[in-house]
Amino acid sequence: MALIEALARHEVQYVIVGGWAAIQHGAVRRTDDLDICPEWSLANLDRLGAALRELGAELAISPGNTVPVPVIDSVLISRMQIGTWQTRAGGFDILRGIPKTATSEARFEELSA
């Protein structure tokens, strides 16, 4: 998958969550995008931004409606709880964490353990 290959080229630390993760654990479901929870350091988010730029990412604001983003970097990504992107390789969601309760979430460190 081109999205995963780009993340590997840029040495992004992340865990796959959402539909692709469920499929890897035996679920039978359809998913059209890749959901990840990255390690949230600025250096890692800069590498993630480089991967997004390489893939021609645009911010998805509604189904079929995207907006070009002139600067995709750690500052922009770090300000998003969830970033929904469309790339040449398909849909791509970046999540700060996965909700555990109404007031807490599992982040990269917990998910990768």
Side-chain angles (χ1 to χ4, degrees):
M1 165 176 251
L3 288 167
I4 293 173
E5 291 168 359
L7 295 171
R9 269 193 303 282
H10 292 277
E11 300 180 357
V12 177
Q13 293 181 335
Y14 67 97
V15 293
I16 296 174
V17 297
W20 277 105
I23 290 167
Q24 296 305 310
H25 288 280
V28 179
R29 65 183 286 189
R30 177 180 157 81
T31 186
D32 294 323
D33 64 356
L34 178 67
D35 304 322
I36 70 162
C37 184
E39 190 273 326
W40 213 255
S41 70
L42 292 180
N44 194 58
L45 296 179
D46 273 333
R47 293 190 297 271
L48 177 54
L52 287 168
R53 291 189 305 273
E54 175 186 319
L55 295 166
E58 292 189 343
L59 197 56
I61 56 173
S62 64
N65 193 8
T66 63
V67 175
V69 178
V71 177
I72 304 173
D73 62 6
S74 61
V75 174
L76 174 70
I77 297 169
S78 70
R79 291 183 177 160
M80 297 178 168
Q81 193 70 18
I82 299 173
T84 302
W85 301 85
Q86 185 62 45
T87 74
R88 288 189 298 273
F92 188 53
D93 294 338
I94 301 166
L95 295 86
R96 183 181 293 241
I98 304 297
K100 294 185 339 183
T101 67
T103 58
S104 71
E105 64 185 9
R107 294 195 176 184
F108 172 82
E109 294 74 19
E110 182 177 348
L111 296 169
S112 65

Please report the shortest heavy-atom distance between A89 and L3, naming the atom on each side.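 Scanning both residues, the minimum pair turns out to be CB-CG, 3.9 Å.
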Kindly give the heavy-atom pair with the smallest separation between E39 and L45, and that separation in Å.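 The pair with the smallest heavy-atom distance is O-CD2, 3.9 Å.
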State, yes or no, whether a side-chain contact exists between I36 and L48 at a heavy-atom distance under 4.5 Å.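 Yes, close enough: below the 4.5 Å cut-off.
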What is the distance from atom [atom1] of [X] to atom [atom2] of [Y], rounded to the nearest 0.5 Å?
{"X": "L111", "Y": "E105", "atom1": "CG", "atom2": "CD", "value": "9.5 Å"}
{"X": "W85", "Y": "L34", "atom1": "CH2", "atom2": "CG", "value": "14.5 Å"}
{"X": "I61", "Y": "Q86", "atom1": "CD1", "atom2": "CD", "value": "12.5 Å"}
{"X": "D35", "Y": "I16", "atom1": "CG", "atom2": "CD1", "value": "9.5 Å"}
{"X": "I77", "Y": "L52", "atom1": "CD1", "atom2": "CG", "value": "5.5 Å"}
{"X": "L95", "Y": "F108", "atom1": "CG", "atom2": "CZ", "value": "14.0 Å"}

Cluster check [X], [Y]: I/L/V/M/F/W/Y, side chain < 4.5 angstrom:
{"X": "I94", "Y": "M1", "answer": "yes"}
{"X": "V71", "Y": "L55", "answer": "no"}
{"X": "M80", "Y": "L7", "answer": "yes"}

For atom CD of E109, is the number of surrounding heavy atoms from other residues, nucleotides or ligands below 6.0 Å larger than 12?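 Enclosed.
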So which pairs with a foot in residues 44-53 pass side-chain hydrogen bond (donor to acceptor under 3.5 Å, both in side chains), sequence neighbours left out?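 Only N44-R47, D46-S74 qualify under side-chain hydrogen bond (donor to acceptor under 3.5 Å, both in side chains).
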Looking at R96 and S78, would you say the former's side chain and the latter's main chain have a donor-acceptor pair under 3.5 Å?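 A pair under 3.5 Å: yes.
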Quick one: does R107's side chain have a donor or acceptor within less than 3.5 Å of a partner on C37's backbone?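 Pair absent, no side-chain N/O of R107 close to backbone of C37.
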Which residues pass the side-chain hydrogen bond (donor to acceptor under 3.5 Å, both in side chains) test with T87, sequence neighbours left out?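 Result, side-chain hydrogen bond (donor to acceptor under 3.5 Å, both in side chains) vs T87: none returned.
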Can you name the residues that form a side-chain hydrogen bond (donor to acceptor under 3.5 Å, both in side chains) with S62, not counting sequence neighbours?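 Applying side-chain hydrogen bond (donor to acceptor under 3.5 Å, both in side chains) to S62 gives none.
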